[in-house]
Chemist: 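The structure under discussion is supplied below as structure tokens; questions concerning it will follow.
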Amino acid sequence: EDQVTQSPEALRLQEGESSSLNCSYTVSGLRGLFWYRQDPGKGPEFLFTLYSAGEEKEKERLKATLTKKESFLHITAPKPEDSATYLCAAFSGYSTLTFGKGTMLLVSP
Amino acid sequence: KAGVTQTPRYLIKTRGQQVTLSCSPISGHRSVSWYQQTPGQGLQFLFEYFSETQRNKGNFPGRFSGRQFSNSRSEMNVSTLELGDSALYLCASSLADLNSPLHFGNGTRLTVT
């Protein structure tokens, strides 16, 4: 059975304190991995797609990386507006994603 | 470009009733997927439609069904509601090629009492 595990479940950072979120996966026929951000009361917002081990993508203070077994979302010098739940999802077929349960990030000023 | 639109935003139903949720995808997107989100289970895949045909289905009972219309709009239906069906139901659309990311709506919050 396909599985995606995210850690930690929750993370509290001070503004400017860099950290990383982890997403480990066991998915047969993996085609790639998505990262999403979800704010309370809203649907997930697409951030990145990673297709192969060694790939990296960046957007503002966020950088996503992929290895053969896990992905990391690095947050550099976070700001309070980066507070959200970050979800990773592995995909192996048409529009069928296996999601992790997310990391709830809180950045304090 | 307008995003994925889901209606209604909130629903309160009683056990045993049925409910229909609606989703309008991003213009040009032909694939529509539905996910259930709960605090305990996270996001779980319900089904995916492409060109009015169900292409994939998750591990949910037959009470959960859906359909897609010729304009790519989609509906999902839940019959004989149970308390455990209380969740955020999210619709997502994509361009339908194998590697296209899904773009989600803001969901319908269903509460079953």
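In what follows, every chain begins at residue 1, and chains take the letters A, B, ... in the order their sequences are listed.
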Chemist: Output yes when a side-chain donor or acceptor of Gln6(B) lies under 3.5 Å from a complementary backbone atom of Tyr89(B), and no otherwise.
Modeler: yes
Chemist: In Å, rounded to the nearest 0.5 Å, how long is the span from OH of Tyr49(B) to CD of Glu75(B)?
Modeler: 10.5 Å
Chemist: Rounded to the nearest 0.5 Å, how far apart are CD of Glu52(B) and CZ of Arg67(B)?
Modeler: 10.5 Å
Chemist: Enumerate the ring-ring contact (aromatic ring centres under 6.0 Å, His included) contacts for residues 61-81 of chain B, please, sequence neighbours excluded, ordered by first and then second residue.
Modeler: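 Qualifying pairs, neighbours excluded: Phe60(B)-Phe64(B).
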Chemist: Please list all pairs meeting disulfide (SG to SG under 2.5 Å) that have one or both residues in residues 14-96 of chain B, counting only residues at least two apart or in different chains.
Modeler: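 Only Cys23(B)-Cys91(B) qualify under disulfide (SG to SG under 2.5 Å).
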Chemist: Assess the side chains of Ser93(B) and His103(B): does a donor N or O sit below 3.5 Å from an acceptor N or O?
Modeler: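 On atom types as modelled, these side chains do not qualify, holding no pair under 3.5 Å.
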Chemist: Within the side chain of Gln68(B), is there an N or O that forms a donor-acceptor pair under 3.5 Å with the backbone of Ser51(B)?
Modeler: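 Yes, because the side chain of Gln68(B) sits within donor-acceptor range (under 3.5 Å) of the backbone of Ser51(B).
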Chemist: For chain B, which residues from residues 58-70 of chain A lie under 4.5 Å away (heavy-atom distances)?
Modeler: none
Chemist: Under 4.5 Å, heavy atom to heavy atom, which residues of residues 39-47 of chain A contact chain B?
Modeler: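 Expected list: Gly41(A), Lys42(A), Gly43(A), Pro44(A), Phe46(A).
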Chemist: Is any side-chain N of the basic residue among Asp85(B) and Lys13(B) closer than 4.0 Å to the acidic one's carboxylate O?
Modeler: no
Chemist: Can you say whether Gln37(B) sits under 4.5 Å from chain A via the side chain, the backbone, both, or neither, judging by heavy atoms?
Modeler: side chain
Chemist: Is chain B contacted by the side chain of Tyr36(A), its backbone, both, or neither, given a heavy-atom distance below 4.5 Å?
Modeler: side chain
Chemist: Side chain from CB out, backbone as N, CA, C, O: work out which of these in Arg9(B) comes under 4.5 Å of a heavy atom of chain A, or both, or neither.
Modeler: side chain
Chemist: Output yes when a side-chain donor or acceptor of Lys101(A) lies under 3.5 Å from a complementary backbone atom of Gly40(B), and no otherwise.
Modeler: yes
Chemist: Answer with side chain, backbone, both or neither: which region of Leu90(B) has an atom nearer than 4.5 Å to a non-hydrogen atom of chain A?
Modeler: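 Only the side chain of Leu90(B) comes within 4.5 Å of chain A.
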